[in-house]
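Just so you know, these numbers come straight off a predicted model, no measurement behind them.
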Amino acid sequence: MKIYKPQPSQASYYYQNYLDAAPGEYVLESLSLTKQASIDVLKNIPASLEDYRYAPEKWTIKQLWQHIIDCEQVFSYRLLRILRGDQTALVGFDENAFAANDASDLLSLDQLQADFLLVREHTFMLLKQLKVEQLDLELEASNCPFSPRILLWIISGHNQHHLNVLKKRYL
């Protein structure tokens with residue numbers, strides 16, 4: 001199934017920058033491109049930079065990668081809820097609380113890459129389970145409507161957004 005980007009009117013304004021950042025014409029292509037781009041970036045980060053912050057209050061490179069992983073898990077969970085017919089509204093999550101309590105300092109970038117790849121494979125598996133009639137079903141989360149189409153494009157765009165930040169501010 002070729003899943004095109006949602007129209008700007010379909011997604012919350014807050015997420016539009018992620019949708020804009022997502023590469024590719026179809027979501028499967030986009031997720032594959034950001035997966036490969038992530039692998040390419042990760043393999044070129046020296047171990048000496050794993051705990052680097054570009055400013056005192058900013059996340060380390062490892063925390064940034066954990067954030068990408070955590071967000072993909074949250075968005076994939078929302079996708080799963082829609083696919084399984086659960087329309088119960090969900091509250092948001094605090095990305096800064098996640099970062100403050102993550103265990104990225106205990107992991108290497110290689111371990112974070114392995115976790116990222118597992119999470120992305122799970123996202124691909126959910127995409128395979130998506131039926132055409134579910135593509136634009138909505139679930140409220142963080143006081144915003146989300147559909148499978150929007151969530152999948154946000155996952156890819158969020159990943160790309162943080163790759164851009166990493167290249168610009170960390171490397």
Side-chain angles (χ1 to χ4, degrees), residues 1-46 49-50 52-55 58-80 82 92-96 98-99 102 104 107-128 130 135-136 141-142 144-171:
M1 170 179 11
K2 293 181 178 180
I3 303 172
Y4 295 97
K5 281 187 185 181
Q7 297 299 313
S9 62
Q10 291 179 283
S12 168
Y13 177 77
Y14 177 80
Y15 295 98
Q16 192 60 49
N17 62 328
Y18 299 140
L19 297 175
D20 292 342
E25 189 175 351
Y26 309 114
V27 79
L28 179 59
E29 173 193 22
S30 187
L31 289 165
S32 297
L33 287 168
T34 55
K35 175 186 170 186
Q36 188 58 53
S38 295
I39 293 167
D40 293 344
V41 168
L42 279 167
K43 72 180 178 185
N44 289 309
I45 298 173
L49 289 181
E50 289 184 353
Y52 172 72
R53 301 171 195 271
Y54 69 88
K58 296 299 182 180
W59 296 336
T60 66
I61 290 177
K62 290 193 300 187
Q63 284 177 306
L64 179 75
W65 275 104
Q66 188 63 65
H67 169 74
I68 292 168
I69 294 164
D70 288 348
C71 286
E72 184 157 345
Q73 288 180 310
V74 168
F75 290 128
S76 290
Y77 174 69
R78 292 173 180 178
L79 174 59
L80 176 66
I82 296 170
F93 68 102
D94 182 343
E95 65 185 32
N96 291 312
F98 271 47
D102 77 16
S104 62
L107 302 172
S108 68
L109 273 179
D110 286 341
Q111 290 168 317
L112 288 166
Q113 178 178 322
D115 193 18
F116 168 77
L117 293 173
L118 284 170
V119 170
R120 183 56 55 94
E121 285 307 310
H122 179 258
T123 300
F124 285 136
M125 187 55 66
L126 289 174
L127 178 56
K128 289 177 185 176
L130 178 62
L135 192 55
D136 293 307
S142 306
C144 297
F146 288 94
S147 68
R149 177 192 312 272
I150 290 168
L151 288 165
L152 289 163
W153 280 101
I154 287 173
I155 288 169
S156 185
H158 179 264
N159 188 170
Q160 185 63 52
H161 165 78
H162 283 294
L163 282 174
N164 295 343
V165 169
L166 183 67
K167 291 174 189 175
K168 182 179 178 180
R169 297 189 179 155
Y170 288 84
L171 303 177

Are any side-chain N or O atoms of [X] and backbone N or O atoms of [Y], one a donor and one an acceptor, separated by less than 3.5 Å?
X: Lys62; Y: Leu107; result: yes
X: Lys58; Y: Arg169; result: no
X: Ser30; Y: Pro23; result: yes

Taking it one step at a time, do Met1 and Val27 satisfy side chain to side chain contact (heavy atoms under 4.5 Å, CB included)?
CA-CA 9 Å; Met1 170 179 11; Val27 79; over 6 Å; no

With heavy-atom distances below 4.5 Å as the criterion, would you say the side chains of [X] and [Y] are in contact?
X: Phe75; Y: Leu152; value: no
X: Arg149; Y: Gln7; value: no
X: Tyr170; Y: Leu49; value: no
X: Phe116; Y: Asn159; value: yes
X: Trp65; Y: Ser38; value: yes
X: Glu95; Y: Trp59; value: yes
X: Ile3; Y: Leu127; value: yes
X: Glu50; Y: Leu112; value: no

Worked check of side chain to side chain contact (heavy atoms under 4.5 Å, CB included) between Ile155 and Leu79:
CA-CA 11 Å; Ile155 288 169; Leu79 174 59; 5.5 Å; no

Show the nearest heavy-atom pair for residues [X] and [Y], with the distance to one decimal.
X: Arg78; Y: Phe93; answer: NH2-CD2, 3.9 Å
X: Leu126; Y: Ser76; answer: CD1-O, 3.5 Å
X: Ser12; Y: Cys144; answer: OG-SG, 3.6 Å
X: Pro8; Y: Gln16; answer: CA-OE1, 3.4 Å
X: Lys43; Y: Gln113; answer: N-OE1, 4.5 Å
X: Ser104; Y: Gln66; answer: CB-CB, 4.1 Å

Between Asp115 and Gln111, does any side-chain donor sit less than 3.5 Å from a side-chain acceptor?
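There is no such pair between these side chains.
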
If we count only N and O atoms by modelled type, under 3.5 Å, do the side chains of Gln10 and Ser147 hold a donor and an acceptor together?
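No pair is found: no donor N or O on one side chain lies under 3.5 Å from an acceptor on the other.
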
Should the ring pair Tyr14 and Tyr18 be called parallel, tilted or perpendicular, given that the plane angle runs from 0 to 90° and is split at 30 and 60?
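Rings of Tyr14 and Tyr18: perpendicular, over 60°.
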
Nearest-0.5 Å distance, NE2 of residue His162 to CD1 of residue Ile61:
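One finds 13.5 Å between NE2 of His162 and CD1 of Ile61.
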
